[in-house]
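I have placed the structure first, in the form of structure tokens, so that the comments after it can refer back to it.
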Amino acid sequence: MIRLILFLFTILFLSCNYPGNTNNEKPRLLITTDIGGDPDDQQSLVRLLVHSNEFDIEGLVASASGTPGELDTSIVKPFLIHEQIDAYESVYPNLLIHDSTFPLPDELRSVVKPGNPYRGKENVGKGHTTEGSAWIVQQMLKEDNRPLYIGIWGGQTDVAQALWMLKDSLSADQFNTITNNIIIYDIMDQDGLYTMIRDSFPGLFYIRNKAPEGKDRREAVFRGMYLGGNMNNTSREWIYDNVKTGHGPLGALYPDKTWTAPNPHGVMKEGDTPSWFYFLRNGLQDPQHPEWGGWGGRFLNAEGKYYTDASDQIDSVNTPRASVWRWRNDFQNQFAARMDWCVKSYEEANHAPVVHINKNTSKNIIAFNLRPGEGVDFDASESTDPDGDKLSYNWWIYDEPSTLNDLPLIENPNSAKISLIVPANNAKGEIHLILEVTDDGIPALTSYKRIVIKVQPEK
């Protein structure tokens, strides 16, 4: 077998220029939330606020509260968002100790907007503009080369109205230029507008996180936040120990009761959190590639640029939920650490490792080419930890997004250095190699690097 040792010092800097993954700028994020019904939206917002240093948050739009039929009245509740920002303001000085880029509370307040208390296609079109939908349009039109990422936690009515307003006022070319820079992640098609949006705006990049037709609705990707795998760290005890008590006024606002069956704890749900997990730059995922998977789940192309739930298999379990719950230990530990940031000094809290692979320290996904029979060495031994903690390593191949017929074996997967050889009998395909670097702090934190190896035989 012919073996070629690539000089990664040069090659590993040739990261693919995927839109949204080309530099170290923060992603633009706009959220619409049906806050005021199921309290899991308030749970998701607490988590988002302690991760707000990772984004430029450009909108927190209060859409129609609750799911259809859940409440007796049609209402929006932006005051619940302001309540959490007030609590965030109390812990903001301490958060700055850990990262100076947390947004000012007033910056967050300025992007809170009320949407439409009414929902559905009869509330989209002429005469249905709200402060929230007008704000969404304003962000869509902003001169910014970065994509605008939209997470829909509730119904889609405000986003659909914004799209209608754009299409009604722009030429087809102008509309396409604007919407080509937008990715929408929709939790559950709550207002039943998915088909209308798909048919009216066929060029959109749109992820619908909902169980396939005919399947148990609890099989949806987003339910992996609280269903499947080891659910001990979704318990009341875990939430009280790590979030709700002793972590300041923001943690105290985390609701401790929601509907989680068949999760037995009835506490943590956060069904909307995957919508912004998907856009989090953590070295693992790329928003332009829903089929790759990450904290926000994994999705397959339905038609055009519309995507729906995909399944992951872990041991004997094959379910869309697994594409989220496989990461739960890591994202729960990170949540716990960031809640510590609300009240602890830098020295008392834990901070995630910084992954180095052959001097590449960016959060960009690495991609390069190999031919069958060729090999490559990876060296992560210069990875560092801000707190001086001891690091451990785990290299593995993510089977579901990998498309190579014969995947290579990784010898010594828990070493800082590995060698990988592409089996010689392969045709065209991809290998998705994941590196996890974990510290021994409390809680233990994991950082990632995804390496996409494109295998192309010689012609």
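Side chains are part of it too, since the values below use all heavy atoms of this structure and drop only hydrogens, waters and symmetry mates.
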Between [X] and [Y], a side-chain donor and acceptor under 3.5 Å:
{"X": "Gln156", "Y": "Asp189", "result": "yes"}
{"X": "Arg328", "Y": "Asn230", "result": "no"}
{"X": "Thr258", "Y": "Asp38", "result": "yes"}
{"X": "Asn233", "Y": "Gln332", "result": "no"}
{"X": "Ser275", "Y": "Trp153", "result": "yes"}
{"X": "Asp173", "Y": "Ser171", "result": "no"}
{"X": "Asn53", "Y": "Arg338", "result": "yes"}
{"X": "Glu70", "Y": "Thr67", "result": "yes"}
{"X": "Asp41", "Y": "Thr33", "result": "yes"}
{"X": "Gln190", "Y": "Asp34", "result": "yes"}
{"X": "Asn263", "Y": "Thr234", "result": "yes"}
{"X": "Thr319", "Y": "Ser311", "result": "no"}
{"X": "Ser402", "Y": "Glu430", "result": "no"}
{"X": "Thr157", "Y": "Lys121", "result": "no"}
{"X": "His432", "Y": "Arg450", "result": "yes"}

**Request:** Find the distance between CG (Leu141) and CD (Gln174) and round it off to the nearest 0.5 Å.
**Result:** 9.5 Å
**Request:** Rounded to the nearest 0.5 Å, what's the gap from CD on Gln288 to CD1 on Ile365? Could you check?
**Result:** 11.0 Å
Is any side-chain heavy atom of [X] closer than 4.5 Å to a side-chain heavy atom of [Y]?
{"X": "Glu58", "Y": "Leu148", "result": "yes"}
{"X": "Leu45", "Y": "Ile35", "result": "yes"}
{"X": "Ile453", "Y": "Leu420", "result": "yes"}
{"X": "Leu435", "Y": "Ile451", "result": "no"}
{"X": "Arg371", "Y": "Gln456", "result": "no"}
{"X": "Met188", "Y": "Phe222", "result": "yes"}
{"X": "Phe277", "Y": "Arg47", "result": "yes"}
{"X": "Leu370", "Y": "Ile431", "result": "no"}

Non-hydrogen atoms of [X] and [Y] that approach each other most closely:
{"X": "Asp309", "Y": "Ala211", "value": "OD2-N, 4.1 Å"}
{"X": "Met268", "Y": "Ile239", "value": "CB-CD1, 4.1 Å"}
{"X": "Ile187", "Y": "Gly271", "value": "CD1-O, 3.6 Å"}

For this output row, return yes or no: ring centroids of [X] and [Y] closer than 6.0 angstrom.
{"X": "His351", "Y": "Trp341", "result": "yes"}
{"X": "Trp164", "Y": "His128", "result": "no"}
{"X": "Tyr206", "Y": "Phe201", "result": "no"}
{"X": "Phe331", "Y": "Trp325", "result": "no"}
{"X": "Tyr194", "Y": "Tyr306", "result": "yes"}
{"X": "Phe205", "Y": "Tyr307", "result": "yes"}

For [X], is the [atom1] atom crowded, meaning more than 12 foreign heavy atoms sit under 6.0 Å from it?
{"X": "Phe175", "atom1": "CZ", "value": "yes"}
{"X": "Lys428", "atom1": "NZ", "value": "no"}
{"X": "Asn145", "atom1": "CG", "value": "no"}
{"X": "Leu409", "atom1": "CG", "value": "no"}
{"X": "Asp216", "atom1": "CG", "value": "yes"}

Using the ring of each side chain (for Trp, its six-membered ring), is [X] parallel, tilted or perpendicular to [Y], with breaks at 30° and 60°?
{"X": "Tyr254", "Y": "Phe335", "result": "tilted"}
{"X": "Trp396", "Y": "Tyr398", "result": "tilted"}
{"X": "Tyr278", "Y": "Tyr185", "result": "tilted"}
{"X": "Tyr88", "Y": "Phe102", "result": "tilted"}

Looking at [X] and [Y], would you say the former's side chain and the latter's main chain have a donor-acceptor pair under 3.5 Å?
{"X": "Glu291", "Y": "Arg298", "answer": "no"}
{"X": "Gln313", "Y": "Asp315", "answer": "yes"}
{"X": "Glu219", "Y": "Arg321", "answer": "no"}
{"X": "Lys113", "Y": "Ser110", "answer": "yes"}

**Request:** Just jot down the salt bridge (charged side-chain N to carboxylate O under 4.0 Å, His left out) partners of Asp40, sequence neighbours excluded, or say none.
**Result:**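 Counting only residues at least two positions away or on another chain, Asp40 forms no salt bridge (charged side-chain N to carboxylate O under 4.0 Å, His left out).
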Regarding [X] and [Y], does a basic nitrogen lie under 4.0 Å from an acidic carboxylate oxygen?
{"X": "Lys210", "Y": "Asp186", "value": "no"}
{"X": "Lys244", "Y": "Asp256", "value": "no"}
{"X": "Arg146", "Y": "Asp144", "value": "yes"}
{"X": "Arg198", "Y": "Glu303", "value": "yes"}
{"X": "Asp191", "Y": "Arg119", "value": "yes"}
{"X": "Glu54", "Y": "Arg281", "value": "no"}

**Request:** Can you sort out the partners of Pro249 under side chain to side chain contact (heavy atoms under 4.5 Å, CB included), two or more places apart, ordered by chain and number?
**Result:** Ala87, Ser90, Val91
**Test side-chain contact (heavy atoms from CB on, under 4.5 Å) applied to Ile136 and Thr130, Ile182, Asp158, the passing residue** =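 So, applying the side-chain contact (heavy atoms from CB on, under 4.5 Å) to Ile136 and each of Thr130, Ile182, Asp158, only Asp158 qualifies.
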**Request:** Would you sort out whether Thr179 and Asn181 count as a side chain to side chain donor-acceptor pair (under 3.5 Å), showing the intermediate values?
**Result:** CA-CA 5 Å; Thr179 55; Asn181 208 34; over 6 Å; no
